[in-house]
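If you're wondering where the values come from, they're calculated on a predicted model, not measured in any experiment. When reading the values below, keep in mind they use all heavy atoms of this one structure, side chains included, and skip hydrogens, waters and symmetry mates.
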Amino acid sequence: MATVASTTNPDRLSSLNPATGEVVGTVPVHTPAEVDAVVARARIAAHAWSQLSFEARAEELTAFRKALAAHADELADLLHRENGKPELEAYTEVMMALGHLKEAVGRAETAMAPKKVSSGMLANYRATISYHPLGVIGVIGPWNYPLNTPMGSIAYALAAGNAVVFKPSELTPLIAVKLAEIAAKTFALPDLLQVVTGAGSTGAALAKSGVDKIAFTGSAATGKRVMMAAAERLTPVLLELGGKDPMIVAEDADLDKAAEACVYGALTNAGQACVSVERVYVADAVHDRFVEEVVKHVRELKIGGDDGHLGAMTSSAQVAIVKDHLDDAIAKGAKVHTGGPDAISGNYIQPTVLTGVDHKMKVMNDETFGPVIPIQRVGSIDEAVKLANDSKYGLGSTVFGGKAARSIAARIRAGMTSVNSVLGFAGIPSLPFGGIGDSGFGRIHGDEGIREFTRTKSTAEQMLSIPMNMMSFRQPKDMPKKLRGMIKQLYGDGVVAKATDGWRRFRAGK
Ligand code: NDP
């Protein structure tokens, strides 16, 4: 990655401030052998941790949360300097990450409570589903939300009784190292949450290390590589990948609110969010007014500085992708209302509003992951839904509208939808978070997020013996006849006599 420079020591990586290019700190490059050693230590911690009661784990995780809260300034400062996000967004990220820790602790016991289920025909059985920790979870995180996104897996994995080995992006390793330092000081088991650092090869080593599950957040291309590496040992994977989230604005939407939400949803974290609003479909009748509102909001934003609304892009490689999407759209006829490729300076991109866009353009198909709002005029809601669903991705989505908003939302093929708000699903930690298609599979957050890091066990216990025991070869001679009757009675039309007569005729070749 362009923003990571090698230091004089090849065994270490430098983390750079994307706004200034200054070195914020360095971290070691862990080799596959070192990753294996870390995983082996985590396995010992996992065993001890899994033996504790929910209450005992909750006590330690709460102490961890409080320790992180006590370091909030330091964490936010690291996020600001290492990732480039402004102060406000850095504190928001710390707050969201701690919210997950609280949520996960609060719901682990209920989410993992054994469930008694119907035993169906085996009425003399007691049927139970129970959930157990997997062991060691490998978490591979991205650079855009280097604390909150991995915490969406780490918190739930720990609360479910697992140990965690976390590999952060090479662009943002320092925040992860800080997290592990605080964890080591807080937990009685210092190896419960460990961090390995390095480039992609360290992540690949973790995927192959024999952990019990990999929770990966990043691009679809890397997600496929992780899945292939994990396949060697049949290690299960949870993939939280990219998105091309649509927003639909219906004719009867509150346009002021829709425009404000659109601007925040598309531009928060300088558009470097997997659930950013990446494309907008607006009803013909309100298109021009909506565009006007959006442009007005965008022009009020401050770019750069500690107190800016948008910070520097974290990686210059991402700046190049955004510029390519803008150039492609303009060459194919898009109109620039504000910003544009000429307004890019170093790692700063001026937020850009485009109209006259269509699905032949990269900006409407590929993940832009930058501060760009492409707005397409649509003739009907059916057209908007069709276009919204015309994507290989399916992560988040947004609908603004009147009475029909909820039914429009139901027609969108995505893992999550916010109705008359933006990113609401990401702010509610009890809602499962994840996508379909190229956006990945599996769910973090909520009860599903806890159970992602457990193995499901089914137990069938015979409570009393009955004369008809199907789990035995010692059956009466007329058992096939009885079963034929039962099949018809239980699963067919219930007319036993007719069915058996038919069977006799069939057997006799009549
Ligand atoms: P990448 O796919 O480039 O990297 C993600 C992580 O994988 C990094 O830690 C990276 O390390 C590591 N990695 C790279 N190569 C390998 C490998 N061969 N084996 C194992 N690990 C590897 O994604 P980005 O960091 O660029 O993150 C941005 C992407 O993440 C966007 O597409 C975004 O949409 C998605 N995302 C999805 C979210 C979701 O919840 N669905 C949330 C946030 C982001 P290194 O950086 O050191 O190369």
*Do the side chain of Thr172 and the main chain of Glu82 share a donor and acceptor less than 3.5 angstrom apart?*
no
*So, Arg57 and Glu60, do they make that salt bridge, N to O below 4.0 Å?*
no
*asked:* More than 12 heavy atoms of other residues, nucleotides or ligands under 6.0 Å from CD of Glu59: yes or no?
replied: no
*Could you tell me whether a side-chain N or O of Ser345 sits under 3.5 Å from a main-chain N or O of Tyr348, the two making a donor and an acceptor?*
no
_Given Val139, Val195, Thr217, the one that forms side chain to side chain contact (heavy atoms under 4.5 Å, CB included) with Pro150_ = Val139
_Looking at Leu16, is its backbone amide N or carbonyl O close enough to the side chain of Glu22 to form a donor-acceptor pair, meaning the two atoms are under 3.5 Å apart?_
no
*Euclidean distance, Leu101 CG relative to Lys66 NZ, rounded to 0.5 Å*: 12.0 Å
*Can Lys213 and Glu452 be counted as an ion pair, charged N to O under 4.0 angstrom?*
yes
*Are side-chain N/O atoms of Glu461 and Thr128 paired as donor and acceptor at under 3.5 Å?*
no
*Taking the side chain from Ser418 and the backbone from Gly424, do they hold a donor-acceptor pair closer than 3.5 Å?*
yes
*Should we count NE2 of His47 as having more than 12 external heavy atoms under 6.0 Å?*
no
_Salt-bridge criterion met for Lys244 and Glu367 (N-O under 4.0 Å)_ = no
*Inspect the contact between Asp390 and Lys386 and indicate whether a charged nitrogen and a carboxylate oxygen are less than 4.0 angstrom apart.*
no
*Just by modelled atom types, is the Asn389 backbone N or O under 3.5 Å from a matching donor or acceptor in the Arg413 side chain?*
no
*asked:* So, applying side chain to side chain contact (heavy atoms under 4.5 Å, CB included) with Ile373, which one of Leu267, Val357, Val363 is it?
replied: Leu267
_Is the distance from the ring center of Phe369 to that of Trp143 below 6.0 Å?_
yes
*Taking only residues two or more places apart in sequence, or in another chain, which ones meet Asp36 in a salt bridge (Lys or Arg N to Asp or Glu O under 4.0 Å)?*
none
*Are any of the side-chain heavy atoms of Phe425 and His445 separated by less than 4.5 Å?*
no
*Within the distance-only criterion (no hydrogens, no angle test), does the side chain of Asn162 pair as donor or acceptor with the backbone N or O of Ala157 below 3.5 angstrom?*
yes
_For the residue pair Lys85 and Tyr145, would you count it as a cation-pi contact if the rule is NZ or CZ under 6.0 angstrom from the ring centre and within 45 degrees of the ring axis?_
yes
*Are any non-hydrogen side-chain atoms of His100 and Tyr156 less than 4.5 angstrom apart?*
yes
*Got Thr368 and Ile321 here, is their nearest side-chain heavy-atom distance under 4.5 Å?*
no
*Considering only heavy atoms from C-beta outward, does the side chain of Ile44 approach that of Asp191 to under 4.5 Å?*
no
*asked:* Measuring only between side-chain heavy atoms, which start at C-beta, is Thr110 closer than 4.5 Å to Asp447?
replied: no
*Does the side chain to side chain contact (heavy atoms under 4.5 Å, CB included) test come out yes or no for Ile137 and Val211, once each step is laid out?*
CA-CA 6 Å; Ile137 308 299; Val211 290; over 6 Å; no
*Could you tell me whether the side chain of Val226 reaches within less than 4.5 Å of the side chain of Ile214, counting heavy atoms only?*
yes
*Do Gln194 and Arg41 have side-chain atoms, one donor and one acceptor, less than 3.5 Å apart?*
yes
*Using modelled atom types only, decide if a donor and an acceptor are shared between the side chain of Asn17 and the backbone of Gly84 within a distance under 3.5 Å.*
no
_More than 12 heavy atoms of other groups within 6.0 Å of Lys208 NZ_ = no
_Pro146 side chain reached by Glu93 side chain, heavy atoms, under 4.5 Å_ = yes
_Quick one: does any side-chain atom of Thr31 pair with a main-chain N or O of Glu34 as donor and acceptor, under 3.5 Å?_
yes
_Between Asp212 and Arg43, does any NZ, NE, NH1 or NH2 come within less than 4.0 Å of an OD or OE carboxylate oxygen?_
yes
*asked:* Quick check against the 3.5 Å criterion: does Asp358 have a side-chain atom that pairs as donor or acceptor with the backbone of Lys360?
replied: yes
_Check: Ser397/Asp245 side-chain N/O donor and acceptor closer than 3.5 Å_ = no
*Are any of the side-chain heavy atoms of Phe433 and Glu448 separated by less than 4.5 Å?*
no
_Under 3.5 Å side-chain donor-acceptor pair for Asp73 and Tyr91_ = yes
